[in-house]
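Convention: sequence-line order gives letters A, B, ...; per-chain numbering from 1. The figures here come from the full heavy-atom set of this structure, side chains too, leaving out hydrogens, waters and symmetry mates.
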Amino acid sequence: MSAASILVITRSAPYGSSAARDALDVALTCSVFEQPVSLLFLDDAVFQLLKGQSPGGIGQKNLNAVQQSLPLYDIDRLYVGARALAERGLHASDLILPVQTIDEAELASLLADHTTVLSV
Amino acid sequence: MSAASILVITRSAPYGSSAARDALDVALTCSVFEQPVSLLFLDDAVFQLLKGQSPGGIGQKNLNAVQQSLPLYDIDRLYVGARALAERGLHASDLILPVQTIDEAELASLLADHTTVLSV
Amino acid sequence: MILHTLNQPPANAACFERCREAMSSDDTLLLIEDGVYWALPAFAARLESLSGRVKVLAADAAARGVDLPAAHCIDDQAFVALCVSHDKVVSWF
Amino acid sequence: MILHTLNQPPANAACFERCREAMSSDDTLLLIEDGVYWALPAFAARLESLSGRVKVLAADAAARGVDLPAAHCIDDQAFVALCVSHDKVVSWF
Amino acid sequence: MIFSIIVQAPPVQAQGAETALRFARAVLAAGHRIHRVFFYRDGVHNGTALTCTPQDENSIPAQWQALAAEHDLDLVVCIAAAVRRGLIDESEAGRYGHRHWNLADGFELSGLGQLVEACLTSDRVVTFGGRS
Amino acid sequence: MIFSIIVQAPPVQAQGAETALRFARAVLAAGHRIHRVFFYRDGVHNGTALTCTPQDENSIPAQWQALAAEHDLDLVVCIAAAVRRGLIDESEAGRYGHRHWNLADGFELSGLGQLVEACLTSDRVVTFGGRS
């Protein structure tokens with residue numbers, strides 16, 4: 001990781017608000033400007049990564065498509081709260097991308113490891 | 001209670017959002033149009049009625065002043081969730097106006113007793 | 001007979017709980033928008049604790065990749081029909 | 001050393017819990033806006049479970065009629081000073 | 001049956017505005033009447049004329065306009081909520097000395113009394129909210 | 001020290017915009033520098049020129065303008081978030097064929113790159129959020 005690195009935290013479910021899309025846009029912009037960026041999904045944000053989304057019926061774009069492009073932008077540090085997954089009965093295999101699950105004890109050091117933390 | 005009656009439900013703390021003020025404005029408008037109206041405070045909305053508010057330092061108007069005018073508008077059916085109060089360590093005597101506390105068992109009948117229920 | 005709608009996801013448990021407390025046995029709850037996640041198996045016990053019936057707005061479940069038995073899901077037309085068949089609508093958000 | 005700010009009231013318990021989990025013993029939590037209600041006696045046990053120190057933005061507590069010991073409250077200038085004395089700021093909302 | 005719809009959710013940031021629009025279409029398709037759509041709180045932003053939407057995205061305000069034109073809907077934006085948020089018509093622009101305005105055609109600024117009147121006149125009132 | 005401030009909360013409906021403004025004043029009063037204030041999501045509504053505020057209430061956009069004029073602040077509104085929400089300047093109005101525009105003087109539309117640049121350039125980045 002370079003000297004400067006940005007962690008984007010998102011805690012919102014997709015589609016009900018634009019937060020999921022807005023967090024992705026920040027991460028993609030970091031990548032375009034060649035800044036290392038990580039994404040942390042907590043609480044309902046783990047739903048952002050669920051497979052099989054089909055939002056045509058609600059007039060929105062499919063987030064899964066954007067998410068699948070993340071590796072092309074070298075955005076591969078995706079962290080997911082272990083408790084958030086467990087409480088929702090989800091497993092990493094339900095998600096569209098490979099992620100690192102982190103537990104409570106690892107959360108503080110993840111924040112410490114990044115220069116800037118942005119909540120969206 | 002007349003044939004038509006409106007129940008306004010509010011669940012938000014004051015000042016952090018405009019919800020408290022917006023709910024009061026709906027209730028006051030009902031009264032101006034001579035429609036019977038009740039207010040129901042659930043969850044963090046019980047904080048709306050706390051005495052001793054002094055929002056000058058955050059550039060907002062004092063809700064306590066508006067609340068004290070409610071009896072003048074014949075708005076005196078104020079219901080407060082008993083559980084919301086208890087969870088926050090509050091008592092009816094901490095509140096700026098006399099209220100009726102209602103428990104879970106009474107909630108359904110309160111909704112049933114009004115023609116229209118508006119959430120703000 | 002009240003139709004309740006709820007659009008808040010599981011992290012907003014307080015919203016769900018107030019809706020639950022307000023429901024009578026002849027009421028119906030329609031889960032919409034982010035509320036559809038309450039229909040996941042992980043929350044089955046909470047959903048079964050509700051008085052009354054539960055339906056899910058199909059477009060919202062499909063949007064979010066929430067796969068549910070067809071019997072639980074309704075379309076927008078059926079949403080309107082529920083409004084008609086109940087005395088009033090209460091929105092939880 | 002992180003300064004955390006939290007602006008969500010008690011009904012949003014999930015926000016508080018994530019902030020609590022993210023805190024280290026040398027971090028500080030500043031309660032702002034609707035977050036000041038966590039400083040009420042009813043939530044003392046939760047607040048004491050936090051690693052690190054807790055401060056409350058004075059103008060927000062006064063606005064809401066939340067009466068606190070002066071030692072817990074800080075003004076906007078002290079908020080800025082906390083930003084300077086910590087390495088970064090993380091906002092919970 | 002006579003419906004009224006209350007929209008408190010802003011377009012773009014919250015889904016409620018789009019849900020309300022779909023609901024309105026379904027009400028009309030079922031042969032019911034919509035007495036009024038009332039926009040309150042941040043929902044007033046549904047009435048902006050100035051959205052610039054990418055070609056592959058739907059503009060919520062434009063969809064309300066189209067639906068209102070087709071079905072002669074009464075789209076009322078709460079005037080107190082709107083002017084505080086910078087959503088104004090030509091008349092308010094004149095009153096407050098602004099050279100520009102941004103209320104879309106088909107929407108009308110009016111008071112909360114229109115919300116209360118809608119409650120009294122309608123068989124069903126359905127609210128679509130945001131969160132804050 | 002060099003600060004940047006991110007505002008995601010809209011004025012009127014959420015308190016975050018006002019808190020950010022007070023924080024910005026305190027930063028400047030303490031002798032620090034504000035590299036940029038970046039408005040994102042519904043926070044873009046802080047940049048409207050068309051608020052009509054009752055005389056006894058403070059207009060948040062007007063307060064940003066006054067602070068920026070006094071301290072030469074860089075007030076940047078996310079262009080993608082803004083144009084979707086109907087917040088546009090004269091140039092965007094021309095591009096999209098609108099006769100009116102509503103971005104207040106002192107604010108500038110620009111891309112998310114300005115947010116990233118602010119993170120790299122500033123010693124501290126402080127975010128003020130709404131809820132949804």
Looking only at D/A58, D/A59, D/A62, D/G35, most heavy-atom pairs under 4.5 Å shared with chain B are made by D/A62
Given B/L50, B/D43, B/I58, the one with more heavy-atom pairs under 4.5 angstrom with chain D than any other is B/I58
Nearest 0.5 angstrom please: B/L90 CG to D/Y37 OH, how far?
9.5 Å
Measure D/P41 against the heavy atoms of chain B and call it side chain, backbone, both or neither at under 4.5 Å.
neither
Interface check, chain D: of B/S54, B/A13, B/G52, most non-hydrogen pairs under 4.5 Å belong to B/S54
Could you check whether atom CZ of D/R46 has more than 12 heavy atoms from other residues, nucleotides or ligands sitting under 6.0 Å from it?
yes
Nearest 0.5 Å, what's the CD-CZ distance between B/Q60 and D/R64?
7.5 Å
Is it true that, when you exclude D/H72 itself, more than 12 heavy atoms of the residues, nucleotides or ligands shown sit nearer than 6.0 Å to its NE2?
no
Crowding at CG, D/D67 (>12 non-hydrogen neighbours, <6.0 Å)
no
Whatever's closer than 4.5 Å to a heavy atom in chain D on B/Q48 counts as neither
Going from CG on D/N7 to OG on B/S17, what distance comes out if it is rounded to the nearest 0.5 angstrom?
11.0 Å
Passing option when B/F47 is tested against D/D34, D/V36, D/L40 for side-chain contact (heavy atoms from CB on, under 4.5 Å)
D/L40
About how many Å separate CZ of B/R88 and CH2 of D/W38, when rounded to the nearest 0.5 Å?
8.5 Å
Which atom names give the shortest non-hydrogen contact between D/A42 and B/G89, and what distance separates them?
CB-N, 3.6 Å
Given the options B/A86, B/A84, B/P55, B/G56, which has more heavy-atom pairs under 4.5 Å with chain D than any of the others?
B/P55
